[in-house]
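Fair warning: this is a prediction, and the values are worked out from it, not measured in the lab. Order of listing sets the numbers, starting from 1, for every ligand and every atom in it.
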Amino acid sequence: MYALRLHRGFRAVVRQTMKRGRADNCRMELSAEDRLFVLTGAGISAESGLATFRGSGGLWNGHRVEEVATPEAWEANPELVWRFYSMRRRDAMAAQPNAGHRALAKVEERLGERFYLCTQNVDDLHERAGSQRVHHMHGRLFESRCERCAVPFVDTALYESVLPMCEKCGHAVRPHIVWFGEIPLDMDGIYAELDRATVVLVVGTSGSVYPAAGFVSIANRRRIRTMYVGPEEPLNAHAFDDIVLGTAAEVLPGLW
Ligand code: APR
């Protein structure tokens, strides 16, 4: 039930009436008891110049991300998969954190261990902005692992012709990324954090990929506050208490 999967009705977005705020007058009040759970998606890195997956420009060489981010794609064409992740490594290295990343690092400074950031992103821009309590549920772009030894290691290399092999056992080395059909990392830890959160903030994700798209429903069952920030409504917009339409870099610095 935890495996990464795309919402079947992704393109059939149902618009519903909801509380909406403008980017310039939205604030999130936090008391000394509040615990903030933040989920980010590709949208938070958009203003750093990294392409989102499902917006315009969301194709890579004519491939949808679901065609290169699967164990089947890896089996059939590892060169193609490594070219895709090498391109993403190159883009992420050239990118800088934006005001949205920095605002999250700043609120973490204030909240300390009452803050938890779960990101679907594999780039390292949250860390480079100063965030410390970051969990990369879909893996890390700058790590790889041997298919057999399975121990992740730091790897910033680009593999565009010669593919990497494990020095210990000779098996293929793959990106340390959670592909469609695989299990996101430390789901138990994420659910434990959701269980003790009092506020959930979701930023820049289309709400089309599960299990992350289901976190807001868990928050609803616990009757805790939920807010979405992004320039357009996500697929699961109906589940949020508040939707703030604006970009991460516009909205987040003024939220606290
Ligand atoms: N600020 C905030 N949000 C933005 C911005 C911005 N500047 N620009 C775009 N967005 C929003 C878009 O409106 C869209 O809803 O970011 C969202 C990006 O959606 P997707 O491309 O679907 O990315 P995401 O939801 O993170 O994808 C989830 O799918 O491909 C897999 O594993 C991959 O982690 C990824 C997962």
Practice problem: State whether the shortest distance between N or O atoms of Leu4 and N or O atoms of ligand 1 falls below 3.5 angstrom. | Solution: no
Self-check item: For Gly41, atoms of ligand 1 separated by under 4.0 Å from a heavy atom
Solution: 26 (O)
Self-check item: Backbone of Thr40 reached by a side-chain donor or acceptor of Thr205 within 3.5 Å
Solution: no
Self-check item: For Glu47, the ligand 1 atoms whose distance to one of its heavy atoms is below 4.0 Å
Solution: 1 (N), 6 (C), 7 (N)
Quiz item: Got an N/O contact under 3.5 Å between Val203 and ligand 1?
Solution: no
Exercise. Verify side-chain contact (heavy atoms from CB on, under 4.5 Å) between Val151 and Cys146, making sure each step is shown before the conclusion.
Key: CA-CA 7 Å; Val151 180; Cys146 165; over 6 Å; no
Quiz item: Any non-hydrogen atom of Ala69 lying under 4.0 Å from ligand 1?
Solution: no
Self-check item: Sub-4.0 Å heavy-atom contact, Val65 with ligand 1
Solution: yes
Practice problem: Answer with yes or no whether the hydrophobic clustering places Val229 together with Leu36; edges join I, L, V, M, F, W, Y residues whose side-chain heavy atoms lie under 4.5 Å apart. | Solution: yes
Exercise. Determine whether the side chain, the backbone, both or neither of Ala42 has a heavy atom under 4.0 Å from any heavy atom of ligand 1.
Key: both
Quiz item: Out of Arg114, Arg225, Arg196, Arg110, which one pairs with Asp34 under the salt bridge (Lys or Arg N to Asp or Glu O under 4.0 Å) rule?
Solution: Arg225
Quiz prompt | Within reach of ligand 1, part of Arg54 (heavy-atom separation under 4.0 Å) | solution = both
Quiz item: Can you find an N or O of Ala248 that's nearer than 3.5 Å to an N or O of ligand 1?
Solution: yes
Practice problem: Check each atom of ligand 1 against the heavy atoms of Thr247 and keep those under 4.0 Å away; list them by number with element. | Solution: 1 (N), 6 (C), 7 (N)
Quiz item: Which pair of non-hydrogen atoms, one from Leu111 and one from Phe115, has the smallest distance, and what is that distance?
Solution: CB-CB, 3.9 Å
